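So the structure is just underneath, and the comments pick up after that.
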Amino acid sequence: NAGVTQTPKFRILKIGQSMTLQCAQDMNHNYMYWYRQDPGMGLKLIYYSVGAGITDKGEVPNGYNVSRSTTEDFPLRLELAAPSQTSVYFCASRTDVPNTEAFFGQGTRLTVV
Amino acid sequence: GDSVTQMEGPVTLSEEAFLTINCTYTATGYPSLFWYVQYPGEGLQLLLKATKADDKGSNKGFEATYRKETTSFHLEKGSVQVSDSAVYFCALSHQGAQKLVFGQGTRLTINP
C-alpha cells in the first residue's frame, strides 16, 4: 500500500518557469490537500479538494492552480515561479468519514532561483 | 473560527527527561484532536488521536488526554529518547469538516 506519493522529491526552478507537482493516493480518499511549509514554520493550506471535479482555495492560493479529474490524483501547478515559492510542499489525503486522520506524502522540496 | 495554539519552541531536553508539549484549542462543539510528528526530511505522520472528551490517545510511549473543560490536548512522554527529536503538530477536526486545523508546530531536540 503506497499511501500518498509525491513527485518529484526535489526540484530547482528558475524565476518565471512553470512546473507541476504530482500527488497520487491509492486509498480511495475523497479529500485531498496541498500544504506548503516554509523553513522553521508550520503548514499553510494552499488548495484542497473534496472529490473529483471539486476544488477550493486555502489560505495561500495565489500563484498556484490545481485540478482534480480523478479521485486518485491532485496535481499542483506553479505558473511563473517566484523566489517566494521556495518551500517544501506536502500533499495529504483523508477519507470523508468523521474523526479520521490525514495521510501525508514525503514532500517536494522546491527551490526557485 | 477554529484554532490551535501550541507552546513555542524549540524545546531542548536531555535523554530520559519528562516531556510536555502544550496544546490548547478554540472550537465550537466537540472536535477530534490529533498529534502528528514530522521527523527530519519526512512528511507528517499521525502519532495519536482522541475523538471525545476524556479520551486518552497513546502511541510509542506518548500520551495525550482530551480535556474539554480546559480545551487542551497536551502531549506527554515519561522518558524521551534521542530518536524522539522531531517537530510535533497538534491539530483538530470537526465532524463533517473538510479541513484539519494545525498548530504552528513545536521543534523538539533531545540531547544524549
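Since the structure is predicted, the reported quantities are computational estimates derived from the model, not experimental observations. Order of the sequence lines sets the chain letters (A, B, ...), proteins ahead of strands, with each chain counted from 1.
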Is there a path of hydrophobic side-chain contacts, each under 4.5 Å between heavy atoms of I, L, V, M, F, W or Y residues, that connects [X] with [Y]?
{"X": "B/F62", "Y": "B/V37", "result": "yes"}
{"X": "B/L46", "Y": "B/L48", "result": "no"}
{"X": "A/L45", "Y": "A/M32", "result": "no"}
{"X": "B/Y88", "Y": "B/Y25", "result": "yes"}
{"X": "B/I110", "Y": "B/V11", "result": "yes"}

| note | In this structure, CD of B/Q98 is separated from CG of A/D96 (nearest 0.5 Å) by 10.0 Å
| remark: Output for pair (A/F103 CZ, B/L44 CG), nearest 0.5 Å, gives 13.0 Å
Atom [atom1] of [X] with >12 non-hydrogen neighbours under 6.0 angstrom:
{"X": "B/K56", "atom1": "NZ", "value": "no"}
{"X": "A/I15", "atom1": "CD1", "value": "yes"}
{"X": "B/Y39", "atom1": "OH", "value": "yes"}
{"X": "B/E8", "atom1": "CD", "value": "no"}

| field | Residue, of B/Q104, B/R107, B/K49, B/K99, that accumulates the most heavy atom pairs under 4.5 Å with chain A | value | B/K99
| query | Under 4.5 Å, heavy atom to heavy atom, which residues of residues 46-75 of chain A contact chain B? | reply | A/Y48, A/V50
| field | Region of A/Q37 in contact with chain B, defined by heavy-atom distances below 4.5 Å | value | side chain
| query | With only heavy atoms counted, which part of A/R94 is less than 4.5 Å from chain B, the side chain, the backbone, both or neither? | reply | side chain
| Min side-chain heavy-atom separation B/Q38-A/F90 under 4.5 Å | yes
| request: Classify the side-chain pair B/T51/A/N99 by whether it contains a donor and acceptor separated by less than 3.5 Å. | output: no
| field | Nearest heavy-atom neighbours spanning A/E101 and B/Y36 | value | CB-OH, 3.4 Å
| Side chain, backbone, both or neither: which part of B/L100 has a heavy atom under 4.5 Å from chain A? | both
